[in-house]
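Taking it in order: structure first as structure tokens, then the write-up.
The structure displayed is predicted, hence computed values, not measured ones. Excluded from the calculations below are hydrogen atoms, water molecules and symmetry mates; all remaining heavy atoms, backbone and side chain alike, are included.
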Amino acid sequence: MNSRLSNATIAELPGAIAIPRYDRGAVTPGIVHLGVGAFHRAHQAAYVDACLADGEADWGIVGVSLRSPDTRDALAPQDGLFTLAIRDSAGEQLQVIGSILSLLVAPEDPGAVLAALTDPRTRIVTLTITEKAYLRAADGSLDGSHPDIVHDLANPGSPKTAHGFLAEALARRRAAGTPPFTVLCCDNLPANGATLHRLLTEFAKLRDARGGTGDRPLAGYVADDVAFPSSMVDRIVPATTDADRARIASELGLADAWPVMTEPFRQWVIEDRFPAGRPSWEKFGVTMVEDVGPFEDMKLRLLNGAHSGIAYLGLLCGHATVDRAFADPAIRRFVDALWAEAIPTLPRDAGLDTTAYTAELAQRFSNTALAHRTAQIANDGSQKLPQRIVASALECLEAGTELVHLTLVVAAWIAACAARGNTLPEGHFTDPLDAALTALLGQQLPANETVTEVFELAGFAKDHAERQTLIELVAVHLVHLRREGPVLAFAALGIDSR
């Protein structure tokens, strides 16, 4: 198949495939997105595509890859077009998304990225750069010693990090008299807007300390004049496989170098604070609110927390995908119990319907068409578990409520990290702390010592009064996992794994 999806070939697509019903040539950029990966293309780009089709032509997206050129190399020959495949057990619907107007690769041309960020037409900057890219120290502050942060402070005109790009662009906009853009974080961080606001202010203070800030420090400008609304995003987006590419190409009659797979469900809850304006997202299902916190906590603790449990226990049980793991009766019973343990930690006066939410999650986890790999979800556990699991566990300890299932997830993460390449030959996943974790787990220390050292390494529950109790509870599970794997761990919880 020689022909490829592009502006020139899109008219050749079968009529059953949805295509952009607007003039892409008339669309102008209004959003710069940092971290233009599969999730962004299945989520924010799809919402913006709907707004463009509704006539809001000044909200096109400039996508920026902060590391790899892979997305640019795949989509640039396609004029930014890609196929969104919405899959469930009943079938698949294909839609071509046209909201990404151009793609930039920051390491190749940081100047082009800064030009896009300083363009007066850019009024929103969105981010999906994953938790580890925020470069936080163990106490949650900015890691000022990180080599990329050190580089950005010394070379503000050619930054490497999101912090460096945002700070330099805001400094240039201020100098030019251009109003600041709104910064909309879409990553799974607690109070993500407030967190990024704090981190970028800390970065700006480090810049200010080097001099050359003019009459008013940049940190004050970032702290007082730039809006950082929080948001909560939700859509399951498994990695695209070669089989997916071949199937999509057959349906299109054209090659698509990087289609994106996703589920029918999608959710976006946004704090409505956009001084420079925003698309009318609410027309297409986005929930605009004053406080994202309760929705964020529900998603992190019930969806993401369960996902982590399914991933690590699923890998230890030999399940390669979420649907297969969730179909395991023991894991299903464990997830139900995990939800029952986590739900009391959620705010009770926020109108959250946890019964309906968990029922919907169960249906989503059972989607056999997605083939969402447990190893993909298992990545970056040291960055994800604090907000998904550890926060809930600490609240349970503080309230004196039952705590056994949440702590098994942490133990399963440790056991899965130790088993990689040995009893988990197919369970490859990575973590920012891999080198240190491998060295530590290779010592095969007693369970309590192992958990203590892992907590110290990852900064879990640092300086919390209940930290030692939490360590002891995790260690009990790790003893069971080491002896007989999940069978004994489940049995200790009264769950029959047969």
Mind checking salt bridge (charged side-chain N to carboxylate O under 4.0 Å, His left out) for Glu131 and listing every partner two or more places apart, or none if nothing turns up? none

Value for CZ (Phe274) from CZ (Phe181), rounded to nearest 0.5 Å, stands at 13.5 Å

With distance as the sole criterion, is a donor-acceptor pair present between the side chains of Lys299 and Asn188 under 3.5 Å? yes

Basic-acidic side-chain contact under 4.0 Å: Arg173, Asp225: no

If you count every heavy atom of other residues, nucleotides or ligands that lies below 6.0 Å from Glu92 atom CD, does the total exceed 12? yes

Would you please name every residue forming a side-chain contact (heavy atoms from CB on, under 4.5 Å) with Ser392, sequence neighbours left out? Arg301, Thr345, Leu406

Go through the steps to decide whether Arg67 and Asp148 satisfy the test salt bridge (charged side-chain N to carboxylate O under 4.0 Å, His left out), and finish with yes or no. CA-CA 12 Å; Arg67 299 294 180 191; Asp148 288 348; 2.9 Å; yes

Which heavy atom of Ser89 sits nearest to which heavy atom of Thr368, and what is that distance? OG-OG1, 3.3 Å

Which atom pair, heavy atoms only, marks the closest approach of Leu81 to Ser6? CD1-C, 3.4 Å

Just do the side chain to side chain contact (heavy atoms under 4.5 Å, CB included) check on Val125 and Thr182 with the steps written out, would you? CA-CA 6 Å; Val125 176; Thr182 296; over 6 Å; no

I need the Thr262 OG1 to Arg235 CZ distance, nearest 0.5 Å. 4.0 Å

Would Arg245 and Asp256 pass as an ion pair if we require N to O under 4.0 Å? no

With a 6.0 Å cut-off on the ring centroids, do His146 and His151 count as close? no

In short, Ala369 meets Asn367 closest at the heavy-atom pair N-OD1, 3.0 Å

Ring pair (Phe, Tyr, Trp, His ring centres under 6.0 Å), paired with Tyr47, selected from Phe284, Trp268, Trp281: Trp268

Could you pull out every donor-acceptor pair under 3.5 Å between side chains of residues 32-45 and any protein atom, sequence neighbours left out?
{"unit_1": "His33", "atom_1": "ND1", "unit_2": "His40", "atom_2": "ND1", "d": "3.3"}
{"unit_1": "His33", "atom_1": "ND1", "unit_2": "Thr126", "atom_2": "O", "d": "3.4"}
{"unit_1": "His33", "atom_1": "ND1", "unit_2": "Thr126", "atom_2": "OG1", "d": "2.6"}
{"unit_1": "His33", "atom_1": "NE2", "unit_2": "Gly35", "atom_2": "O", "d": "3.2"}
{"unit_1": "His33", "atom_1": "NE2", "unit_2": "His40", "atom_2": "ND1", "d": "3.4"}
{"unit_1": "His33", "atom_1": "NE2", "unit_2": "Thr128", "atom_2": "OG1", "d": "2.7"}
{"unit_1": "His40", "atom_1": "ND1", "unit_2": "Gln44", "atom_2": "OE1", "d": "2.8"}
{"unit_1": "Arg41", "atom_1": "NH1", "unit_2": "Trp258", "atom_2": "O", "d": "2.9"}
{"unit_1": "His43", "atom_1": "NE2", "unit_2": "Gln267", "atom_2": "O", "d": "2.8"}

Residues Pro159 and Leu114: closest non-hydrogen pair is CD-CD1, 4.1 Å

Are Arg174 and Tyr221 in a cation-pi setup, meaning NZ or CZ lies under 6.0 angstrom from the ring centre and within 45 degrees of the ring axis? yes

Any luck finding a side-chain donor-acceptor pair between Arg172 and Thr118 under 3.5 Å? no

Can you tell me if CD on Glu282 sees more than 12 non-hydrogen neighbours from other groups inside 6.0 Å? yes

With Thr287 via side chain to side chain donor-acceptor pair (under 3.5 Å) - residues at least two apart: none

Does the side chain of Thr241 pick up a donor-acceptor pair with the side chain of Asp244 at under 3.5 Å? yes

Mind checking what makes side chain to side chain donor-acceptor pair (under 3.5 Å) contact with Arg324, not counting sequence neighbours? none

Salt-bridged, Arg332 to Asp328, with N to O below 4.0 Å? no

Answer yes when Arg373 and Asp323 have at least one side-chain N-carboxylate O distance shorter than 4.0 Å, and no when they do not. no

Looking at Ala412 and Leu313, what are the two nearest heavy atoms and their distance? CB-CD2, 3.8 Å

Val183, Val64, Leu184 screened by side-chain contact (heavy atoms from CB on, under 4.5 Å) with Leu127, the one that passes: Val183

Derivation of the salt bridge (charged side-chain N to carboxylate O under 4.0 Å, His left out) call for Arg247 and Glu251: CA-CA 6 Å; Arg247 187 186 68 260; Glu251 293 290 330; over 6 Å; no

Straight-line distance of Asp353 CG to Glu360 CD, nearest 0.5 Å: 10.0 Å

Take Arg21 and Asp54 through the test salt bridge (charged side-chain N to carboxylate O under 4.0 Å, His left out) and record every step on the way to the result. CA-CA 9 Å; Arg21 298 297 180 185; Asp54 197 47; over 6 Å; no

Is any NZ, NE, NH1 or NH2 atom of the basic residue among Glu290 and Arg273 found under 4.0 Å from an Asp or Glu carboxylate oxygen of the other? no

Got a salt bridge between Arg123 and Asp58, using NZ or NE/NH1/NH2 to carboxylate O under 4.0 Å? yes

Mind running salt bridge (charged side-chain N to carboxylate O under 4.0 Å, His left out) on Asp152 and Arg207 for me, showing each step along the way? CA-CA 9 Å; Asp152 285 4; Arg207 273 186 51 135; over 6 Å; no

Strictly distance-based, threshold 3.5 Å: is any side-chain N or O of Ser280 a donor or acceptor partner for the main-chain N or O of Lys283? no

Rounded distance (nearest 0.5 Å) linking atom CE of Met232 with atom CG of Asp187: 14.0 Å

If we only count heavy atoms from C-beta on, is the Phe429 to Tyr312 side-chain gap below 4.5 Å? yes

Under 6.0 Å between ring centres: does that hold for Phe365 and His307? yes

Should Ser230 and Val269 count as side-chain neighbours, where that means a heavy-atom distance under 4.5 Å? no

Heavy-atom closest pair (Val260 atom, Thr240 atom, distance to 0.1 Å) is CA-OG1, 3.9 Å

Under the salt bridge (charged side-chain N to carboxylate O under 4.0 Å, His left out) rule, what pairs show up with a residue in residues 259-270, not counting sequence neighbours? Glu263-Arg364

Identify the residue among Asn304, Val409, Asp380 that makes a side-chain contact (heavy atoms from CB on, under 4.5 Å) with Leu385. Val409

